[in-house]
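These notes are about the structure you will find just below.
Just so it is clear: chains get the letters A, B, ... in the order the sequence lines come, proteins before strands, and each one is counted from 1. All figures in this text were calculated on a predicted structure; none of them were measured in a lab.
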Number of protein chains: 2
Amino acid sequence: METMQERTGEQNLPYNVFAKACPSRGTLEHVTGRWGGLALGALYEGSLRFNELRRRIDGVSEKMLSQTLHALERDGLVHREAQPTNPPRVDYELTPLGRGVAERLLTLIHFVEGRMDDVLQARERYDDTRGAR
Amino acid sequence: METMQERTGEQNLPYNVFAKACPSRGTLEHVTGRWGGLALGALYEGSLRFNELRRRIDGVSEKMLSQTLHALERDGLVHREAQPTNPPRVDYELTPLGRGVAERLLTLIHFVEGRMDDVLQARERYDDTRGAR
DNA sequence: CAGGATCCCCCACGATACTG
DNA sequence: CAGTATCGTGGGGGATCCTG
């Protein structure tokens, strides 16, 4: 007997982010959350250590980075490799699944980055129309 | 003056989400935020009225939906068309730019939805290993 | 260096009420 | 119907300290 999700067709997806209770909503939020997306994007280029990641992701705090990485690791998107040396060395890298997610996320990110001039112009028009409220 | 795109390894991107002060970071957050992504996803299928959107996006409050739509409209991703009838009728639809963003976002969403079984299994393994603290 | 533990603040968000 | 206005709260998130 096959599970429904085996046949991931176009139509009836077993998981649906639009439903409040669907677990995919939570994972999507980890992925697209304030720091999750940036962490995945940074790791796409190769494995990084904790503080390398911190420096790469401008503005993230230790706590939030740690928290973010745990969530991504739990979801199976990031692999954590600790070496019991002194000083300790921990490398983070994407799992194959994480690479798939990161790829699609980066496509989105680059698209947005590439269209920021349009966005900025739209904002000006909007603000002018509404009288810079 | 020195540009920052060198660090990303990307070629000629004037905007870089990894930099704290880059405006693309804000737009990306509108797009991938808790409700922004779902609004874009819902509108991808066609224009919708306010309450249709509300029903479509399970769990969103009036206030947050309104706020979200304003941000997306300001960024030039969503077009708002109000008809001065009684009762009022307002349709929201994606702009061409918004369609571009939504397409890429939906690619990501569908990928995540389609891999949720893997994610859920990864979580179980993670929780087992760490022994439910 | 990697990150857990703590403290605390602020505002994102929901609930409710009101308007055109 | 399509929103705005107001208020209260939880927890997201930053700062700091501490340990292995």
Side-chain angles (χ1 to χ4, degrees), chain A residues 20-21 25-39 42-43 47-74 78-93 126 129-131 133, chain B residues 17 19-21 25-39 42-43 47-74 78-93 126-127 129-133:
Chain A
K20 183 162 62 172
R25 187 113 131 198
T27 296
L28 187 69
E29 276 168 21
H30 294 158
V31 167
T32 62
R34 184 152 178 207
W35 304 118
L38 297 178
L43 287 173
S47 81
L48 291 171
R49 305 175 60 179
F50 188 83
N51 278 331
E52 287 173 339
L53 264 171
R54 251 200 100 184
R55 262 172 271 122
R56 191 76 215 293
I57 304 173
D58 191 16
V60 70
S61 68
E62 283 186 7
K63 182 180 131 185
M64 290 317 298
L65 181 56
S66 173
Q67 213 171 83
T68 297
L69 289 171
H70 277 310
L72 294 177
E73 188 192 356
R74 193 168 102 98
V78 162
H79 176 67
R80 180 178 181 280
E81 180 122 18
Q83 292 167 30
T85 61
N86 194 331
R89 177 189 180 96
V90 181
D91 287 280
Y92 291 91
E93 60 182 343
Y126 183 94
T129 303
R130 318 265 148 160
R133 168 49 82 126
Chain B
V17 281
K20 183 162 60 173
R25 187 112 132 199
T27 296
L28 187 69
E29 276 168 21
H30 294 158
V31 167
T32 62
R34 184 153 176 211
W35 305 117
L38 296 178
L43 287 173
S47 81
L48 290 172
R49 304 175 61 179
F50 188 81
N51 279 329
E52 287 174 339
L53 266 171
R54 247 199 103 184
R55 261 172 270 120
R56 191 77 216 290
I57 304 171
D58 192 16
V60 70
S61 68
E62 280 186 9
K63 183 179 135 185
M64 291 318 297
L65 181 56
S66 173
Q67 209 171 294
T68 298
L69 289 171
H70 278 312
L72 295 177
E73 188 192 356
R74 193 167 102 97
V78 161
H79 176 67
R80 179 179 182 279
E81 180 122 19
Q83 293 166 29
T85 61
N86 193 332
R89 178 189 178 98
V90 181
D91 287 279
Y92 291 91
E93 60 181 343
Y126 183 93
D127 292 344
T129 303
R130 317 268 148 159
R133 179 168 301 239

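In this structure, A:E93 and A:L43 have side chains that are not in contact, with every pair of non-hydrogen atoms separated by 4.5 Å or more. By the 4.5 Å heavy-atom criterion applied to side chains, B:L53 and B:L65 are counted as neighbours. Using a 4.5 Å cut-off on side-chain heavy atoms (C-beta onward), A:Y92 and A:V78 make contact.
In this entry the distance linking CD of B:Q67 with P of C:dC13 reads 7 Å, nearest Å. Atom CG of B:L69 and atom C1' of D:dT4 are 14 Å apart (whole Å). In this structure, the CH2 atom of A:W35 is 17 Å from the C1' atom of D:dG11, given to the nearest Å. In this structure, B:E73 atom CD and D:dA2 atom P are separated by 15 Å, rounded to whole Å. One interatomic measurement links the two molecules: CD of B:Q83 to C1' of C:dG20, which rounds to 17 Å at whole-angstrom precision. B:K63 has its NZ atom 12 Å from the P atom of D:dA5, to the nearest Å. In this structure, CG of B:L65 is placed 10 Å from C1' of D:dG3, rounded to the nearest angstrom. Rounded to an integer number of Å, the gap from CE of B:M64 to P of D:dA2 is 19 Å.
Between A:Y92 and C:dC1 there is no side-chain N or O to OP1 or OP2 distance below 4.0 Å. Put simply, A:N51 has a side-chain N or O that comes within less than 4.0 Å of OP1 or OP2 on C:dA2. In this model, the phosphate group of D:dG3 is not approached by any side-chain N or O of B:R54 to a distance below 4.0 Å at OP1 or OP2. Between A:H70 and the phosphate of C:dG3, there is no side-chain N or O to OP1/OP2 separation shorter than 4.0 Å. Remark: B:S66 is not in phosphate contact with D:dA2, judged by side-chain N or O atoms under 4.0 Å from OP1 or OP2. Residue B:R89 has no polar side-chain atom (N or O) positioned under 4.0 Å from OP1 or OP2 of D:dA2.
Distance CZ/B:R55 to CZ/B:R49: 9.0 Å, rounded to 0.5 Å. Between the OH atom of A:Y126 and the CZ atom of B:R80 there is a distance of 8.0 Å, given to the nearest 0.5 Å.
Of the candidates D:dA2, C:dA15, C:dC1, the closest approach to any side-chain atom of B:P88 belongs to D:dA2. If you check D:dT6, D:dG3, C:dG3 against the side chain of A:F50, the one that comes closest is C:dG3. Taking only side-chain atoms of B:E62, from C-beta outward, the nucleotide of C:dA2, D:dG3, D:dT6 with the closest atom is D:dG3. Side chain of A:R80, nearest nucleotide from D:dA2, C:dC7, C:dG3: C:dG3.
Mapping A:R34 and A:P87 onto DNA chain D via the closest heavy atom, the residue that lands nearer the 5' end is A:R34.
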